[in-house]
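Accompanying notes for the structure given below.
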Amino acid sequence: MAKITLDNLAHSYLPKPASEDDYALKELNHDWADGEAYALLGSSGCGKSTLLNIISGLLRPSQGRILFNDRDVTDAPTAERNIAQVFQFPVVYDTMTVRDNLAFPLRNRGRDEAYVAERVQEIGAMIGMEHMLDRKARGLTADAKQKISLGRGMVRKDVNALLFDEPLTVIDPHMKWELRTQLKKLHHDFGHTMIYVTHDQTEALTFADKVVVMYDGRVVQIGTPEELFQRPEHTFVGYFIGSPGMNVLPADISGRTARIEGAELTLTRGYSRLEGKVEIGVRPEYARLSRDEGLPVTVRRVEDVGRHKLVRAEFFGHEINIIAGEDDVVSADMNRVVFDAERVNVYANDWRVPGEAA
Ligand code: ADP
Ligand code: MG
């Protein structure tokens, strides 16, 4: 197992990148701690696979270095890095049986057949294919083949790291949950460094100790699910995490006062002059409807979403979402919204400004 260090790393697919926009991966310095489970989360095209393929050695970065336990592996081929990588779509040997597919990485490393048999049986059970070990891979469904790919990724215990690139895309929803649970268990039992790429926040938040959020080629925040929820460091994290995401409103801020479309809000921290695009962000969970205080809003719709109500309101053309309790009354005369001042974040040019204690 290994600590993985990214040192001044950046990548452009262009031969002569001229500006930052030409980089699929913008400059990044980061240590992936030995034995941690990370999720790499972001929308399609933000650079997740680029980063993963650089770590595994499928791609050579155009700038910077990668170190495994402080050893420079930037020019080491994939095989030397001793990692397992599972891709979005199945990679299996069609003419081999399920058993031989699973055994392949172990035999490749010269493990004895008794160990191979035992380990293949274990992994077969983990992926729910213990009764199909003697079937040829050819003719199996994409779903079954992907389970074999996952199994093959998990079969060796002596890898430096396990990398998964949206591995559950072709798996049916029930089995997704089951396999994610197995991956977590694997991490718990063996403590591998794991990086799990996904564009699905639920998958990221349930799998990982730490979530690395990427946006437009840049890592915008690395944090626990709780940190991403309470203190999104970038407005993208606010939007992307949460359901619905954080409300973001343009504001003028001086000292502890935020002016939003003529209304005033008192903040719990003080801010010196902020330049550029200034906004406040507050999650729907920390907004509530009121009759007599707060910003004036027009309630557009109330959706019953099981354990709570979701109120869709409008404030001078800005959408504001409010999460109310299942039993909370929402009446027509409630046309104001109050934000929990402690939970209001302030952003300048999309980045959070911590402010000073009052
Ligand atoms: P993700 O995995 O987050 O969807 P990728 O890392 O695949 O994103 O892609 C990041 C960006 O790099 C995208 O704009 C994509 O079009 C571009 N890109 C990916 N692979 C290549 C490639 N082989 N050649 C040129 N551009 C690429
Ligand atoms: Mg990808």
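Just follow the structure's listing: the first ligand is 1, and inside any ligand the first atom is 1. Residues: numbered from 1 along the sequence shown. We use all heavy atoms of the structure for the numbers below, so side chains are in, but hydrogens, waters and symmetry mates are not.
- For the residues Ser43, Ser12, Gly45, the heavy atom positioned nearest atom 4 (O) of ligand 1 is part of Gly45.
- Checked against the 6.0 Å centroid criterion, the rings of Tyr93 and Phe104 qualify as a close aromatic pair.
- For an aromatic pair to be called close, the ring centres must be under 6.0 Å apart, and Tyr23 with His11 fails this.
- Residues Ile260 and Asp252 have side chains not in contact (no heavy-atom distance under 4.5 Å, counting atoms from C-beta outward).
- Remark: atom 16 (O) of ligand 1 lies closer than 4.0 Å to no protein heavy atom.
- The single protein non-hydrogen atom nearest to atom 7 (O) of ligand 1 is Ser49 CB, 3.8 Å, given as residue, atom name and distance.
- Side-chain contact of Gln121 with Glu130: a donor-acceptor pair under 3.5 Å is absent, judged by distance alone.
- The protein atom (non-hydrogen) at minimum distance from atom 23 (N) of ligand 1 is Tyr13 CE2, 3.6 Å.
- In terms of polar-atom proximity, defined here as any N/O pair under 3.5 Å, Gly47 does make such a contact with ligand 1.
- Under a 4.0 Å N-O distance rule, the pair Lys309/Asp304 does not qualify as a salt bridge.
- Here Thr50 fails the criterion, with no N, O or S atom under 2.8 Å of the Mg ion (ligand 2).
- Distance check on atom 19 (C) of ligand 1: some protein heavy atom falls below the 4.0 Å cut-off.
- Using cut-offs of 30° and 60° for the angle between ring planes, the His30 and Tyr38 rings count as perpendicular.
- Applying the 4.0 Å criterion to heavy atoms of Ala24 picks out, from ligand 1, the atoms 11 (C), 12 (O).
- For atom 6 (O) of ligand 1, the closest non-hydrogen atom of the protein is Thr50 OG1, 2.5 Å.
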